Amino acid sequence: MRTSQRLLATLKEDPADAEVASHRLMLRAGLIRQVAAGIYDWLPTGMRVLRKVEAIIREEMNRAGAQEVLLPAVQPAELWRESGRWEEYGPELLRFRDRHRRDFCLGPTHEEVITTLVKNELRSYRQLPANFYQIQTKFRDEIRPRFGVMRGREFIMKDAYSFGINRDALQRDYESMRRAYCAIFDRIGLHYRAVAADSGSIGGDTSHEFHVLAESGEDAIALSANGKYATNLEMAEAPPPETPRPKPSEEMRLAETPGVKTIRALVDGFSMPVEKTIKTLVVAAAPGGEHSLVALLVRGDHELNAVKAEKLAQVASPLRMAKEEEIRAAIGAGPGSLGPVNLPIPFVADHSVAAMADFGAGANIEDKHYFGINWERDLPAPECADLRNIVDGDPSPDGDGALRIVRGIEVGHIFQLGTKYSEALGATVLDEDGKPALMEMGCYGIGVTRVVAAAIEQHHDERGIIWPPAIAPYDVAIVPIGFHRDEKVREAAIAAHDRLRAAGFDALLDDRDERPGVMFADMDLIGIPQRLVIGERGLKRGALEHHLRAGGEMREVAPESVCEAVAKHAGGGGD
RNA sequence: CGGGGUAUGGCGCAGUCCGGCUAGCGCGCCUGCUUUGGGAGCAGGAGGUCGGGAGUUCAAAUCUCCCUACCCCGACCA
């Protein structure tokens, strides 16, 4: 393959609107172009990467026994009404009408379609377990697309759906997919973690997210020292502190704190350590109780975790923060002046709050705070729960050292769905006793286009992309110095190219009439892992120069042994 | 959806406040010559509804109104 016959579309300057490295580099290296917000063209070089990622996913899904299908991107509203999601899904579901004024949507996911297919085609438990997958374009009308294809509206996803006869079968399907996902991300060459995740509204018990670790990731995940405990931030438990509560050393006193409405103001204005302050957050109470509001207490330097709060019996689900008027009506003071002392509504404290002594908090009177508050002296010990997000350095719940918070890009998510969709859509098979049984479903997604962006986030330098060999658009770039004016160079370059291609490598010959610097810069930007430089200088000694994009020494190789040299660093599987 | 911004050849920008004459600059592109081991030099050239519409004015990229698109900050997700 020759550069003169390919659309390289590399850019010398940085595009104005690209913030993160992967977005910038995908534009500059000519992988993508934007068409509209969150909607992109994939150019020839980008396609080669996409196809390589897809090929790995396909191989591993097939190996795990899943069967490939292709489901429609356009889906009739009836299917979604049947599952209840036509109403539930919200504006992220792009809806439209055909010429007969029938409602349709662009599929953001395919549970409805696959469950209907399986319901019609599978009759017997003997046909189970079954797992169907596709690699296909999805559309989600994201509120705010950003970071290029990292969060696009149209994107390519591999989605798989497993069907089993019972919970045990689902467990096995799930485990087999978990292993397949590890194999996929290992092969692609990503540094990633499978983390326990909240299964959210879908209702299953088990869910894991696969995160590529990268500074620019949008998600925070918590890892223990040995990496065994790994959860997304929302899920990470913050157990009660092991050190006992210190003894009181101060008297409680009421202080004038005019205009102090924030923890920061309290810390700055009264030189309070932030660990001795309390945030009092008022939320809607669960219906049926005596009070309509309930307060949640976390330490000043901690954050309330909405998922945890919502799970409390006293708290309304979904979580709703109280409006200022509601707070004033119930307490007589506004946000910023609240605290546990003389609080007329029930409250729950985070474990770390219960371990505090001599702390400060609002007095439930405008512009006044109490300082030197102590539990079991100034007020009874509070009801406790785990309410906060963990912070970096918190002890790991599995006892293995401290938790680290790192950032990740979610590239995969596996779920145990249970019977939610089989029930809604009536998907049953006959069991051993000849009775209809609802199938237990799992669903498994990989953001294929996002994987490409994530790989770049993790593997780049100031000159451009450094592809993991397995997904590089080309294995090796051949850069001749003087292709158009030196016949020996030209012949040697063509010979090396033909030899490599015959051996199954994706070799790209840069036959443009450009100066060497231009060619080096482009090949580096595109991120081709290996480079063969062919010039008069080396040819005199009968040698070609072999460089690795990732760095390291240049080595000279004889023209006859280029394939061996390239094979050592190639990702395997040419086209 | 709320808040903040931007829109001028393919890309990056200046010009807009304070209206004025053939709308500039850098990169890229085309032609020629010279050059050729890390984004060459010289000469010539092509390419623009100044996001769209309406208005004010002798005159609008520039002022006014309306609309649209895109980007950034917040809640969701592969």
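As the structure is a computational prediction, the values presented were derived from the model and not from experiment. Every chain is numbered from 1, with letters handed out A, B, ... down the list of sequences.
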Between the base of [N] and the side chain of [X], is there any donor-acceptor pair under 3.5 Å?
{"X": "D524(A)", "N": "G38(B)", "result": "yes"}
{"X": "R450(A)", "N": "C77(B)", "result": "yes"}
{"X": "R144(A)", "N": "C71(B)", "result": "no"}
{"X": "R28(A)", "N": "G39(B)", "result": "yes"}
{"X": "R512(A)", "N": "G39(B)", "result": "no"}
{"X": "E545(A)", "N": "G37(B)", "result": "yes"}
{"X": "E514(A)", "N": "G39(B)", "result": "no"}
{"X": "D17(A)", "N": "C72(B)", "result": "no"}

For R146(A) and V411(A), find the nucleotide of RNA chain B closest to each by heavy atoms; which residue's nucleotide sits nearer the 5' end? R146(A)
In terms of the nearest nucleotide of RNA chain B, which residue is placed more toward the 5' end: F147(A) or F155(A)? F147(A)
In whole Å, what is the span from the [atom1] atom of [X] to the [atom2] atom of [N]?
{"X": "H23(A)", "N": "C11(B)", "atom1": "NE2", "atom2": "P", "answer": "14 Å"}
{"X": "D522(A)", "N": "C27(B)", "atom1": "CG", "atom2": "C1'", "answer": "14 Å"}
{"X": "R151(A)", "N": "C72(B)", "atom1": "CZ", "atom2": "C1'", "answer": "14 Å"}
{"X": "E142(A)", "N": "C76(B)", "atom1": "CD", "atom2": "P", "answer": "11 Å"}
{"X": "D510(A)", "N": "G38(B)", "atom1": "CG", "atom2": "P", "answer": "15 Å"}
{"X": "D513(A)", "N": "C29(B)", "atom1": "CG", "atom2": "P", "answer": "12 Å"}
{"X": "I39(A)", "N": "C71(B)", "atom1": "CD1", "atom2": "C1'", "answer": "15 Å"}
{"X": "L525(A)", "N": "C27(B)", "atom1": "CG", "atom2": "C1'", "answer": "15 Å"}

Side chain of [X] (C-beta onward), nearest among [options]:
{"X": "A16(A)", "options": "C71(B), G12(B), G74(B)", "answer": "G12(B)"}
{"X": "R515(A)", "options": "U36(B), C13(B), C77(B)", "answer": "U36(B)"}
{"X": "D219(A)", "options": "C27(B), C77(B), G38(B)", "answer": "C77(B)"}
{"X": "R531(A)", "options": "G39(B), A78(B), G38(B)", "answer": "G38(B)"}

Applying a 3.5 Å limit to both distances, which nucleotide forms a Watson-Crick or G-U wobble pair with [N]?
{"N": "A69(B)", "result": "U6(B)"}
{"N": "G26(B)", "result": "C11(B)"}
{"N": "G38(B)", "result": "none"}
{"N": "G20(B)", "result": "C58(B)"}
{"N": "A43(B)", "result": "U31(B)"}

Which heavy-atom pair separates I471(A) from K52(A) by the least distance, and what is that distance? CA-CB, 4.0 Å
Rounded to the nearest 0.5 Å, the NZ atom of K158(A) sits from the CD atom of Q134(A) at a distance of 10.0 Å
To the nearest 0.5 Å, tell me how far K279(A) NZ sits from D350(A) CG. 11.0 Å
Report which part of the nucleic acid [X] touches: base, sugar-phosphate, or nothing (heavy-atom distance under 4.0 Å, all strands).
{"X": "G152(A)", "result": "base"}
{"X": "V533(A)", "result": "base"}
{"X": "A521(A)", "result": "base"}

Side-chain touch V476(A)/L508(A), heavy atoms, less than 4.5 angstrom: no
With a 4.5 Å limit on heavy-atom distance, are the side chains of I135(A) and M157(A) in contact? no
Side-chain N or O of [X] closer than 4.0 Å to phosphate OP1/OP2 of [N]:
{"X": "K12(A)", "N": "C27(B)", "result": "no"}
{"X": "R537(A)", "N": "G37(B)", "result": "no"}
{"X": "Q34(A)", "N": "C71(B)", "result": "yes"}

Positions of residues 179-188 of chain A (non-hydrogen atom under 4.0 Å from RNA chain B), listed by number: none
RNA chain B-proximal residues of residues 482-492 of chain A, any heavy atom under 4.0 Å: R485(A)
Kindly state whether the ring of Y444(A) and the ring of F415(A) have centres lying under 6.0 angstrom apart. no
Using the six-membered base ring of G39(B), report whether F520(A) stacks on it, requiring centroids under 5.5 Å and planes under 30° apart. no
Backbone N/O of [Y] and side chain of [X]: donor-acceptor pair under 3.5 Å:
{"X": "R450(A)", "Y": "V411(A)", "answer": "no"}
{"X": "E536(A)", "Y": "D486(A)", "answer": "no"}
{"X": "R153(A)", "Y": "G38(A)", "answer": "no"}

Looking only at atom [atom1], what distance separates [N] and [M], rounded to whole Å?
{"N": "A59(B)", "M": "G20(B)", "atom1": "C1'", "result": "7 Å"}
{"N": "U35(B)", "M": "G24(B)", "atom1": "C1'", "result": "30 Å"}
{"N": "A61(B)", "M": "A7(B)", "atom1": "P", "result": "16 Å"}
{"N": "G47(B)", "M": "C25(B)", "atom1": "P", "result": "16 Å"}
{"N": "A43(B)", "M": "G38(B)", "atom1": "C1'", "result": "27 Å"}

Just distance, no hydrogens or angles: give the donor-acceptor pairs under 3.5 Å from side chains in residues 53-69 of chain A, sequence neighbours left out.
| residue | atom | partner | partner atom | Å |
| --- | --- | --- | --- | --- |
| E54(A) | OE1 | R51(A) | NH1 | 2.6 |
| E54(A) | OE2 | R51(A) | NH1 | 3.2 |
| R58(A) | NE | E68(A) | OE1 | 2.9 |
| R58(A) | NE | E68(A) | OE2 | 3.1 |
| R58(A) | NH2 | E68(A) | OE2 | 3.0 |
| E59(A) | OE1 | R187(A) | NH1 | 3.0 |
| E59(A) | OE1 | R187(A) | NH2 | 3.1 |
| E60(A) | OE1 | R63(A) | NE | 3.1 |
| E60(A) | OE2 | R63(A) | NH2 | 3.1 |
| E60(A) | OE2 | R187(A) | NH1 | 2.9 |
| N62(A) | OD1 | Y133(A) | OH | 2.8 |
| N62(A) | ND2 | R58(A) | O | 3.3 |
| E68(A) | OE1 | Y133(A) | OH | 3.4 |

Given T3(A), which partner from the list D511(A), T10(A), D522(A) fulfils the side-chain hydrogen bond (donor to acceptor under 3.5 Å, both in side chains) test? D511(A)
CD of E87(A): more than 12 outside heavy atoms within 6.0 angstrom? yes
Parallel, tilted or perpendicular, judged at 30° and 60°: which one describes the rings of F104(A) and F96(A)? parallel
